[in-house]
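Contents: one structure, followed by commentary.
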Amino acid sequence: MRHKESYGYALLQQLAAAGLDSVKPATLYPTLNRLAEDGAVEVQWRAGEGGPGRKCYRITSAGRERLDAEWAAWQDFGASVSGLLTGPKAAPVDSALVTIPGPADAQHSGADT
């Protein structure tokens, strides 16, 4: 959703394509509802093509701020775990030389995001 609004089913397909096929609708939809309640996601009903309407989800500016903050926290966590795994004998890593691509760096695959 960072780059484009999407339907829940399309989000599930993207997660599965990224190797997260264990994420089920019973997990995704309540999460999207909580994000909407928190103001991080907007929800709009759209007419379905030959069927019932569907909810379309779009990230808000508050959601982008939250995503950026949580991404930074995830990077810090990853660096801490990496330090634990490499042990005390490993040379310190100069964080200025290490770049972990974030969600803004991901290239759009053409699928709904």
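- Looking at Thr60, its side chain never comes within 3.5 Å of a backbone N or O of Glu42 through a donor-acceptor pair.
- Panel note: side chain Arg58, backbone Val43; no donor-acceptor pair is recorded below 3.5 Å.
- A donor-acceptor distance shorter than 3.5 angstrom exists from the side chain of Thr86 to the backbone of Ser82, with no hydrogens or angles considered.
- A salt bridge does not link Glu5 with Lys55: every distance from a Lys NZ or Arg NE/NH1/NH2 to an Asp or Glu carboxylate oxygen is 4.0 Å or more.
- Here the SG-CZ distance, from Cys56 to Arg46, works out to 4.0 Å after rounding to the nearest 0.5 Å.
- Rounding to the nearest 0.5 Å gives a distance of 10.5 Å between OG1 of Thr31 and OH of Tyr57.
- Considering every non-hydrogen atom in both Pro30 and Pro25, the closest pair reads CD-O, 3.7 Å.
- Both Leu20 and Leu11 belong to a single network of hydrophobic side chains, linked directly or stepwise wherever heavy atoms of I, L, V, M, F, W or Y lie under 4.5 Å apart.
- To the nearest 0.5 Å, the span separating CG on Leu35 from CD1 on Ile59 amounts to 8.5 Å.
- Linking Ile, Leu, Val, Met, Phe, Trp and Tyr whenever their side-chain heavy atoms come within less than 4.5 Å leaves Trp45 and Tyr7 in two separate clusters.
- From Arg66, atom CZ reaches atom OG of Ser61 across 13.5 Å, with rounding to the nearest 0.5 Å.
- Using a 4.5 Å heavy-atom cutoff, the side chains of Asp21 and Leu12 are not in contact.
- Closest approach of Gly8 and Leu28 over heavy atoms only: O-CD2, 3.5 Å.
- Nearest heavy atom pair, residue Gly39 against residue Ala62, reads O-CB, 3.8 Å.
- By the 4.5 Å heavy-atom criterion applied to side chains, Leu32 and Met1 are counted as neighbours.
- For the pair Asp68 and Arg2, the minimum side-chain heavy-atom distance is below 4.5 Å.
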